[in-house]
Amino acid sequence: MSVTDTSATTSTNHAFGIDVGGSGIKGGIVDLDTGELVGERFKILTPQPSTPAAVAGGIKEVVDHFDWTGPVGVTLPCVVSQATVRTAANIDKSWIGVDPYALLATTLGDRAISVLNDADAAGMAEDAHGAGRDVTGLVVLLTFGTGIGSAILFNGQLIPNTELGHMQVGKEEAEHQASSKVKDDLELSYEQWAQRVSVVLSAYENLLWPDLFIAGGGISRKAHKWIPKLTNRTPVVPAELQNSAGIVGAAMAVTAGLRV
Ligand code: BGC
């Protein structure tokens, strides 16, 4: 490389993120300064059954699509602690007990890898580059989808694996009352569903006293239809990064050397 070649400096602040969900495995190269994808987002269908070996193969396919050889951050819809997958919602139950670092080292070879919960990754990305970027204090991101995912950050510092969707609120788990799947399954209006979300958020705000809730998941794209109907004291704003939040957060995690 000659001294005038700047290619190394233009690519140093990029990392790769992969977001594994029940239906798709999405990935892309992330500019860590802006929190934006560099180029396209590539998605394949999650293999069924979504066993560790099959999903690891899918992750490799997405990484190889970009000819990416650097660090890779990966999200899973699971609690991951002490380098072990502890729960498996919307993914094959055989993930429980697996060391995802050992699995991915075998599949992706020798490189830096971070594995974290999908909502935690989305929370990191939204807090730094999205709806939480100008907020100090306690930020709680919730993803409303098949379940309810959660991330808690205090001044940008993630407290991993909070799983607020599984908190008992009244007689049921929160995600059994107020996920967006429940809205669809029960054919609830936005008004009816917002009442349920208010009840769940009220339990969270009484426990945590957050400064901001960020509402993510696909239904956040229709935020104007339901966020104004919420009755909570804490401000609620829609997520901004949409379906790249998990990818961006995964790339941030591996760059930070996060290991949960
Ligand atoms: C899981 C969480 C996950 C969320 C969103 C919940 O059912 O328990 O770990 O973050 O769904 O995928």
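Remember, it's 1-based here, ligands and their atoms both numbered in the order they're listed. Just so it is clear, the model here is predicted, and its values are computed rather than measured.
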Margin query: Between Glu240 and Arg133 (salt bridge meaning N to carboxylate O under 4.0 Å), is one present in this structure?
Written below: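 Answer for the salt bridge query: yes.
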Next item on the list: Say whether, by atom type as modelled, one donor and one acceptor occur between the side chain of Asp211 and the main chain of Leu138 under 3.5 angstrom.
Entry: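 Judged by distance alone, yes, a pair lies under 3.5 Å.
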Notebook entry, point to check: Which protein residues have a heavy atom closer than 4.0 Å to any atom of ligand 1, listed by chain and number?
Noted result: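 Those residues closer than 4.0 Å to ligand 1 by some heavy atom are Pro77, Cys78, Ala89, Asn117, Asp118, Ala119, Gly149, Glu163, His166, Glu175.
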Margin query: Check whether Phe144 forms a cation-pi arrangement with Lys183 (NZ or CZ under 6.0 Å from the six-membered ring centre, at most 45° off the ring normal).
Written below: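 No, Lys183 and Phe144 do not form such a contact.
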Note to self: For Trp209, does the six-membered ring have the charged nitrogen or CZ of Arg233 within the cation-pi criterion, i.e. under 6.0 angstrom from the centroid and within 45° of the normal?
What the structure shows: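 Verdict for Trp209: a cation-pi partner in Arg233.
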Checklist line | Joint hydrophobic cluster, Leu241 plus Val30, side-chain heavy atoms closer than 4.5 Å | finding: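 Cluster IDs for Leu241 and Val30 differ.
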Notebook entry, point to check: With a 4.5 Å heavy-atom cut-off, do Arg111 and Phe16 have their side chains touching?
Noted result: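 When only atoms from C-beta onward are counted, Phe16 and Arg111 do not touch, as no gap falls below 4.5 Å.
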